[in-house]
Amino acid sequence: MDDTSDKKPSVNFIEEIINTDRANGKHDGRVHTRFPPEPNGYLHIGHAKSICLNFGLAEQYGGKCNLRFDDTNPAKEETEYVDSIMEDVRWLGFDWEDRLFYASDYFQQLYDWAVQLIEQGDAYVDSCSLEEIREMRGTVTKPGTPSPHRERSVAENLDLFERMKNGEFKDGAHVLRAKIDLASPNMTMRDPVMYRILNAPHHRTGDTWCIYPMYDFAHGQSDSIEGITHSICTLEFENHRPLYDWFIQKLGIFAPQQIEFARLNLTYTVTSKRKLLELVQEGHVHGWDDPRMPTICGFRRRGYTPSSIRKFSKETGVTKFNGVTDLARLENSLREELNKTAERRMAVLNPLKVVITNYPEDADEDLLEAVNNPENPDDGVRQVPFAKEIYIEQDDFMEDPPKKFFRLGPGREVRLRYAYFITCHDFVKDDDGNIVELHCTYDPATRGGDAPDGRKVKGTLHWVSAEHAVEAEVRVYDHLFTEEDPNDVPEGGDWKDNLNPESLTVLTDAKLEPSLGDAEMGKNYQFERLGYFCLDSKDSTAEAPVFNRTVSLKDSWARKQKQQQNKKQGKKKG
RNA sequence: UGCCCGAUGGUGUAAUGGCAACACACUUGGUUUUGGUCCAAGCAUUCUAGGUUCGAGUCCUAGUCGGGCAACCA
């Protein structure tokens with residue numbers, strides 16, 4: 001075949017490494033990854049990318065992916081987080097089967113390995129204080145100086161380390177250090193701490209241990225024990241790779257390969273655990289699963305689908321370049337899916353009453369047929385009741401509309417979706433000048449939304465019959481921050497200064513078409529012309545439904561308005 | 001002023017020494033009973049300077065800029 005138009009599927013740099021390894025028969029071509037969260041917080045969208053990468057690679061190569069909790073610091077870790085992390089990984093659509101592990105499972109093995117290194121003369125007990133050790137480590141430009149305890153005998157080290165384990169010392173009295181190179185240009189190789197004394201109960205091992213291994217002495221060996229072939233982590237561990245390899249080599253155990261990639265950064269989003277915690281604790285959001293949070297549980301409650309997050313993650317790609325991904329890509333991934341799958345409904349968020357003056361007072365029930373999803377005819381149709389009094393969106397009427405406004409205004413005719421053409425001939429204002437009611441006439445000949453005489457209207461509005469409406473609360477969300485980079489603050493400012501005061505708008509007077517009274521929890525609906533919505537899993541009840549706006553529909557009218565506003569402002573400034 | 005890593009449209013990625021491609025965003029136009037969807041068009045001196053080569057986004061050297069590293073955190 002001379003068909004050269006077939007494009008090779010592009011592979012990212014990690015797949016390239018794996019392909020090479022498999023071609024060379026390394027590990028018999030086996031691919032085994034792991035997702036290793038520390039159970040000290042909730043998973044966020046950045047973790048989602050790592051989960052998709054690790055589980056995705058395993059799937060792709062017919063391998064396995066473990067879930068392993070990196071629980072080496074009892075001071076910070078809690079069972080509450082373990083449970084939420086498992087729930088989130090499962091929700092994203094991944095399965096670790098019987099491979100649920102904890103670094104704490106390996107504490108005894110790790111201890112034995114530490115003893116081995118002491119015996120080999122590769123580790124020593126240092127009895128200096130934290131401050132002294134820090135000082136003697138030197139700086140990035142100045143080499144460190146050896147601790148006075150660096151040359152202790154093997155016997156003395158063994159004795160001291162055992163007594164550390166036996167709980168004879170208080171926190172901070174001694175540490176176990178690897179004996180590597182105090183002059184190394186790589187700071188992590190300057191005799192890193194392997195074990196510290198922490199007289200604290202562990203969420204799994206209880207009071208069994210009072211010394212705990214550091215990340216560097218636990219992670220690589222945990223990978224090794226589990227037979228991990230490709231240990232994927234983020235860029236900030238690049239400097240740790242020589243140490244990762246050093247421990248494995250000195251111990252003479254199975255050698256996984258650490259590979260670093262760039263973590264996900266999203267516009268209008270913070271993902272630092274510390275900052276997320278601060279948002280929750282200071283009440284800037286209502287908990288970890290607040291739909292404005294970039295946590296996985298936040299996205300879930302907001303109405304995001306696992307598949308949209310997986311697709312986003314895949315399309316964002318894997319590189320070593322530390323960039324910022326546009327939040328619009330995640331929104332696009334969701335819209336693309338929901339456009340195909342979400343059933344359409346009509347709902348009015350900011351109601352404006354409309355009286356159809358020529359509609360009969362005593363009309364029989366007037367049921368109109370509405371398509372559930374024009375993108376998927378199999379979803380069928382439903383009936384929507386029409387009546388003399390209806391609600392439309394306040395935004396859909398202007399007393400003095402500009403030329404390109406296609407909606408309702410005095411003397412204008414529009415279509416009510418699936419219903420009738422109506423013409424506005426009067427409106428009522430309250431004492432404050434707000435428009436509170438419209439008087440319109442309808443054309444009975446246009447029932448269903450088409451004019452037999454062929455006349456056209458520019459605008460089509462959604463509507464809800466007043467007497468049939470289901471009342472609901474609707475929560476409309478916007479970016480949590482006003483700046484693309486929330487950390488971009490003027491001198492002396494704080495990142496929280498960039499919090500968007502309008503990130504949550506609660507609409508308490510929404511009117512929904514009757515069928516939404518039976519809305520299913522966990523199902524996404526498109527409210528026509530508005531966006532995608534779902535029932536709130538926490539606050540919604542049968543008597544008082546609460547909907548979250550997951551994401552808006554694209555709105556080229558709103559964009560046009562914004563443009564014009566900006567133009568006006570520009571002229572004023574100029 | 002040490003070491004490590006990186007640099008391709010506004011953004012994220014592709015091109016594996018041979019015509020810089022895709023997606024998102026943005027702009028313009030078309031279709032439309034959702035100002036949605038869909039369709040079409042527009043949008044780049046591949047950070048700089050040298051070098052290797054018939055040929056460099058890709059390889060080499062130097063520079064510039066950006067990120068990471070001096071927790072008994074992970």
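The basis for the numbers below is simple: all heavy atoms, side chains too, and nothing from hydrogens, waters or symmetry mates. Chain letters run A, B, ... following the sequence lines, proteins first, then strands; residues in each count from 1. Not measured: the values here are computed from a predicted model.
When the nucleotides B/G2, B/C72, B/C5 are ranked by their closest atom to the side chain of A/Arg137, B/C72 comes out on top. Looking at the side chain of A/Ile133, the nearest of the listed nucleotides B/A74, B/G36, B/C72 is B/C72. Between B/C69, B/U34, B/C73, one nucleotide has an atom nearer to the side chain of A/Thr188 than all others, and that is B/C69. For A/Ala328, whose side chain is taken as the heavy atoms from C-beta onward, the closest listed nucleotide among B/G68, B/G36, B/A25 is B/A25. Listed nucleotides: B/U34, B/C5, B/U16. Nearest to the side chain of A/Arg529: B/U34. In the set B/G12, B/A70, B/C73, B/C73 carries the atom at the smallest distance from any side-chain atom of A/Arg196. Taking the side chain of A/Met214 as heavy atoms from C-beta on, and the options B/U34, B/G12, B/A74, the nearest nucleotide is B/A74. Residue A/Arg134 places its side chain closer to B/A71 than to any other of B/A74, B/G35, B/A71. Distance from the side chain of A/Thr319 is smallest for B/A14 among the nucleotides B/U34, B/G2, B/A14. For A/Glu528, taking side-chain heavy atoms from C-beta onward, the closest of the listed nucleotides B/U11, B/U34, B/G35 is B/U34.
A/Tyr195 comes within 4.0 angstrom of no nucleic acid atom, judged by non-hydrogen atoms across all strands. Nucleic acid contact class of A/Val457 (heavy atoms, under 4.0 Å, all strands): none. Residue A/Glu375 is in base contact, counting any heavy-atom pair closer than 4.0 Å across all strands shown. At the heavy-atom level, A/Gly323 lies under 4.0 Å from the strands shown only through sugar-phosphate atoms. Across all strands, A/Phe237 comes closer than 4.0 Å to base atoms (heavy-atom distances). Within the 4.0 angstrom heavy-atom criterion, base atoms lie near A/Gly449. Here A/Pro374 lies in heavy-atom contact (under 4.0 Å) with a base. At the heavy-atom level, A/Asn186 lies nowhere under 4.0 Å from the strands shown. Residue contacts shown for A/Lys273 are absent, as no nucleic acid heavy atom lies under 4.0 Å away. A/Asp216 comes within 4.0 angstrom of no nucleic acid atom, judged by non-hydrogen atoms across all strands. No contact: A/Arg335 has no heavy atom under 4.0 Å from any strand. Contact annotation for A/Phe261: no contact, since no heavy-atom pair falls under 4.0 Å across all strands. Within 4.0 Å (heavy atoms only), A/Cys128 reaches at least one base atom of the nucleic acid. If you check every strand for non-hydrogen atoms under 4.0 Å, A/Val193 touches sugar and phosphate atoms only.
Neither OP1 nor OP2 of B/A70 sits under 4.0 Å from any side-chain N or O of A/Thr141. The side chain of A/Lys554 places an N or O atom within less than 4.0 Å of a non-bridging phosphate oxygen (OP1 or OP2) of B/A25. A close approach under 4.0 Å does not occur between any side-chain nitrogen or oxygen of A/Arg415 and OP1 or OP2 of B/U32. Side-chain N/O atoms of A/Thr72 include one lying less than 4.0 angstrom from OP1 or OP2 on B/A74.
Below the 3.5 angstrom threshold, one finds no donor paired with an acceptor across the side chain of A/Gln561 and the base of B/G35.
A/Thr267 places a side-chain N or O within 3.5 Å of a backbone atom of A/Leu327 that can act as its donor or acceptor partner. At distances below 3.5 Å, at least one donor-acceptor pair connects side-chain atoms of A/Asn265 with backbone N or O atoms of A/Gly323.
Each of A/Arg344, A/Arg417, A/Glu393 was compared with A/His462 under the side chain to side chain donor-acceptor pair (under 3.5 Å) criterion, and only A/Glu393 meets it. Residue A/Phe107 forms a ring-ring contact (aromatic ring centres under 6.0 Å, His included) with just one option from A/Tyr212, A/Phe217, A/Tyr102, and that option is A/Tyr212. Among A/Phe237, A/Phe247, A/Tyr244, the single residue meeting the ring-ring contact (aromatic ring centres under 6.0 Å, His included) criterion with A/Tyr215 is A/Phe237.
With a 6.0 Å radius and a threshold of 12 heavy atoms from other residues, nucleotides or ligands, A/Arg263 has its CZ atom at or below the threshold.
Only the C1' atoms considered, B/C24 is 25 Å distant from B/C19, to the nearest whole Å. Between the C1' atoms of B/G55 and B/G18, the separation comes to 7 Å (whole Å). Nucleotides B/G6 and B/C47 place their C1' atoms 12 Å apart, quoted to the nearest Å. For B/G51 and B/U11, the C1' atoms lie 33 Å apart once the distance is rounded to whole Å.
A 3.5 Å limit on both hydrogen-bonding distances identifies B/G30 as the Watson-Crick or G-U partner of B/C38. Nucleotide B/A74 forms no Watson-Crick or G-U wobble pair with any nucleotide shown, as no partner meets the under 3.5 Å limit on both distances. Of all nucleotides present, only B/A49 satisfies the Watson-Crick or G-U wobble test against B/U61, with each distance under 3.5 Å. Nucleotide B/C22 forms a pair with B/G12, judged by Watson-Crick or G-U wobble geometry with both contacts under 3.5 Å. Under the Watson-Crick and G-U wobble criteria, each requiring two contacts below 3.5 Å, nucleotide B/G2 is paired to B/C69.
One interatomic measurement links the two molecules: CG of A/Asp485 to P of B/G12, which rounds to 12 Å at whole-angstrom precision. If you take CG of A/Asp181 and P of B/G2, they are 18 Å apart, rounded to a whole angstrom. Atom CD of A/Gln526 is separated from atom P of B/G35 by 10 Å (rounded to the nearest Å). The nearest whole Å value for the distance from the CG atom in A/Leu243 to the P atom in B/A70 is 13 Å. The interatomic distance linking A/Glu393 (CD) with B/G36 (C1') rounds to 15 Å, in whole Å. Taking atom CZ of residue A/Arg263 and atom C1' of nucleotide B/G12, one finds them 17 Å apart after rounding to whole Å. In this structure, CZ of A/Arg559 is placed 13 Å from P of B/C24, rounded to the nearest angstrom. The distance from atom CG of A/Asn376 to atom P of B/U37 is 18 Å, rounded to the nearest whole Å.
Here A/Tyr215 does not lie in a stacked arrangement on the base of B/A74, lacking the combination of planes under 30° and ring centres under 5.5 Å apart. Stacking of the aromatic ring of A/Phe321 onto the base of B/G6 is not found under the criterion of centres within 5.5 Å and planes under 30°.
Note: A/Phe533 and A/Phe527 have parallel aromatic rings, judged against thresholds of 30 and 60 degrees for the angle between ring planes.
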A/His203/A/Glu78 under side-chain contact (heavy atoms from CB on, under 4.5 Å): CA gap, chis, key distance, verdict: CA-CA 6 Å; A/His203 75 115; A/Glu78 292 171 31; over 6 Å; no
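Two rings, from A/Phe69 and A/Phe101, have their centers 6.0 Å or more apart.
Toward the 5′ end of RNA chain B lies the nearest nucleotide of A/Glu16, the other residue of the pair A/Glu16 and A/Leu130 mapping further downstream. Nucleotides of RNA chain B nearest to A/Arg329 and A/Asn339 differ in position, and the one nearer the 5' end is that of A/Arg329.
Classification of A/Glu343 and A/Arg382 as a salt-bridged pair fails, no side-chain N sitting under 4.0 Å from a carboxylate O.
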